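Here the structure is laid out as C-alpha cells; the discussion comes afterwards.
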Amino acid sequence: MTHPTLIRRDGHRPLLLDLFCCAGGAAMGYRCAGFDVHGVDIAPRPNYPFTFTRADALEHLAALIASGEIERYAFIHSSPPCQGKCSLTVGTNRSQGWGGVHVDLVAETRVLLEASGLPYVIEQPNGKAEIRKDLTLCGEMFGLGVLRHRNFELGRWSAERPEHVPHRGRVRGWRHGEFFDGPYVAAYGNGGGKPSVAELQAAMGITWTDVREELTEAIPPAYSQWIGRAFLTQARLGVAA
C-alpha cells in the first residue's frame with residue numbers, strides 16, 4: 001500500500017528516478033504530472049531537461065539501494081534496452097538480415113526494481129519483450145500525430161487499462177515500394193518517407209531536443225503524464241496495489 005504521508009518528497013514534489021532516460025520524453029510527462037525527476041543514462045544527454053547523472057543505470061540503482069539513498073525517491077520509471085525483441089527487430093529487420101546484436105536488460109532491471117521496494121514502471125515497445133502488459137498506450141488516445149504503441153509493466157501498484165481508441169488511418173510513408181498517406185508520422189528510422197525533425201517534435205509533443213535519434217527513441221510525454229497522475233491519485237487516496 002502507498003499512503004499519502006509516506007510519499008517521499010524533495011520539497012513539495014515527490015521525487016522520481018528515471019532510468020535509461022535518453023533525452024527525457026518520459027521525464028517531461030512525469031514532471032507535468034507533479035513529480036521532480038532525476039534521470040540516469042550511460043550516454044551523455046545534454047538535452048535532458050532535468051537533473052541528470054551519467055552512469056550505468058543498473059549500477060546506479062544498485063548503489064542507491066545499498067546506500068539507502070533510494071529512500072529519497074517515491075517512484076521509478078525504467079525503459080531498459082530490449083531492441084532484440086521489439087517488433088521491428090523480430091519482424092522486418094530480421095527478415096532482411098538487418099541490424100546487429102542487441103542487449104536485453106529487462107530481467108536484470110526488474111530484479112533491482114523489486115529490491116528497491118518502490119513502485120515502478122518498466123516500459124517496452126511492442127514485440128517479444130518479457131514484461132506484463134499491464135498498460136498499453138497509443139498516441140491516438142492522446143490526440144497525437146504518432147501511434148507509437150508502448151507497453152508498461154506496473155510493479156507494486158496498479159492502474160485500470162484505458163480503452164484503446166480506434167486509429168484514424170495509416171502511418172505515412174513508403175511500404176514495400178508503395179507510398180501510403182495518413183494522419184500519423186513514423187517515429188523511427190530514416191528514409192522511406194520518414195518525417196522531418198520538426199514534424200517529429202510536433203507529433204510527439206517534444207520540443208527540447210532536435211536530435212532525431214533522441215526523438216525516435218522517446219516516448220511521448222503524454223503517456224507518462226497519464227501514468228504519473230494515475231499513480232499520484234492512488235497514492236493520495238492510500239489505494240492498495
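A quick note: this is a predicted structure, and the numbers were derived from the prediction, not measured. What's counted below: heavy atoms across the whole structure, side chains too, no hydrogens, waters or symmetry copies.
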side-chain contact (heavy atoms from CB on, under 4.5 Å) for Ser78 and Leu113? Distances and angles first, verdict last. CA-CA 9 Å; Ser78 64; Leu113 291 173; 3.6 Å; yes
Separation between [atom1] of [X] and [atom2] of [Y], rounded to the nearest 0.5 Å:
{"X": "Phe152", "Y": "Asp134", "atom1": "CZ", "atom2": "CG", "result": "11.0 Å"}
{"X": "Ile131", "Y": "Lys128", "atom1": "CD1", "atom2": "NZ", "result": "15.5 Å"}
{"X": "Leu17", "Y": "Thr51", "atom1": "CG", "atom2": "OG1", "result": "11.5 Å"}
{"X": "Met28", "Y": "Met204", "atom1": "CE", "atom2": "CE", "result": "13.0 Å"}
{"X": "Gln234", "Y": "Arg229", "atom1": "CD", "atom2": "CZ", "result": "15.0 Å"}

Report yes if some heavy atom in the side chain of [X] is under 4.5 Å from a heavy atom in the side chain of [Y]; otherwise report no.
{"X": "Ile227", "Y": "Trp157", "result": "yes"}
{"X": "Arg156", "Y": "Glu114", "result": "yes"}
{"X": "Leu135", "Y": "Trp226", "result": "yes"}
{"X": "Arg161", "Y": "Thr136", "result": "yes"}
{"X": "Met141", "Y": "Glu163", "result": "no"}
{"X": "Ile122", "Y": "Leu154", "result": "no"}
{"X": "Ile76", "Y": "Leu16", "result": "no"}
{"X": "His167", "Y": "Cys138", "result": "yes"}

NZ/NE/NH1/NH2 to OD/OE distance under 4.0 Å, Glu153 and Lys133: no
Going by an N to O cut-off under 4.0 Å, is there a salt bridge joining Glu199 and Lys194? no
Quick one: are the ring centres of Phe20 and His77 less than 6.0 Å apart? no
To check you understand the geometry: which heavy-atom pair defines the closest contact between [X] and [Y], and what is its length?
{"X": "Tyr48", "Y": "Asp18", "value": "OH-OD2, 2.9 Å"}
{"X": "Pro14", "Y": "Gly34", "value": "CD-O, 3.5 Å"}
{"X": "Leu137", "Y": "Pro162", "value": "CD2-CG, 3.6 Å"}
{"X": "Pro195", "Y": "Ala186", "value": "CD-O, 3.1 Å"}

Quick one: sort the Phe231 and Phe75 rings into parallel, tilted or perpendicular, breaks at 30° and 60°. tilted
Between the side chains of Glu140 and Tyr184, does any donor sit under 3.5 Å from an acceptor? yes
Dump the intermediate steps for side-chain contact (heavy atoms from CB on, under 4.5 Å) on Gln124 and Val106, then the final yes or no. CA-CA 9 Å; Gln124 289 289 287; Val106 171; 3.7 Å; yes
Please evaluate residues Thr53 and His60 with respect to the criterion side-chain contact (heavy atoms from CB on, under 4.5 Å), reporting the C-alpha separation (whole Å), side-chain torsions for both, the decisive distance (0.1 Å), and the verdict. CA-CA 9 Å; Thr53 298; His60 186 76; 4.0 Å; yes
Going by side-chain contact (heavy atoms from CB on, under 4.5 Å), Leu19 matches just one of Leu105, Leu61, Val121. Which one? Leu61
Among residues at least two apart in sequence or on other chains, which ones pass side chain to side chain donor-acceptor pair (under 3.5 Å) with Thr109? none
I want to check a possible cation-pi pair here: Arg170 against Phe180, using under 6.0 Å from ring centre and within 45° of the ring axis as the test. yes
side-chain hydrogen bond (donor to acceptor under 3.5 Å, both in side chains) between Thr209 and Glu214, intermediate numbers included: CA-CA 7 Å; Thr209 178; Glu214 293 181 341; 2.5 Å; yes
Determine, step by step, whether Glu123 and Tyr223 satisfy the side-chain hydrogen bond (donor to acceptor under 3.5 Å, both in side chains) criterion, reporting the C-alpha distance in whole Å, the side-chain angles of both residues, the deciding distance to 0.1 Å, and the verdict. CA-CA 11 Å; Glu123 175 266 328; Tyr223 294 13; over 6 Å; no
Between Arg31 and Gln225, is the side-chain contact (heavy atoms from CB on, under 4.5 Å) condition met? List the steps. CA-CA 8 Å; Arg31 172 69 184 184; Gln225 183 173 355; over 6 Å; no
Would you say the side-chain atoms of Arg45 pair up with the backbone N or O of Phe52, donor to acceptor, closer than 3.5 Å? no
Check the pair Tyr73 / His38 against ring pair (Phe, Tyr, Trp, His ring centres under 6.0 Å), numbers first and verdict last. CA-CA 9 Å; Tyr73 296 91; His38 290 177; 5.6 Å; yes
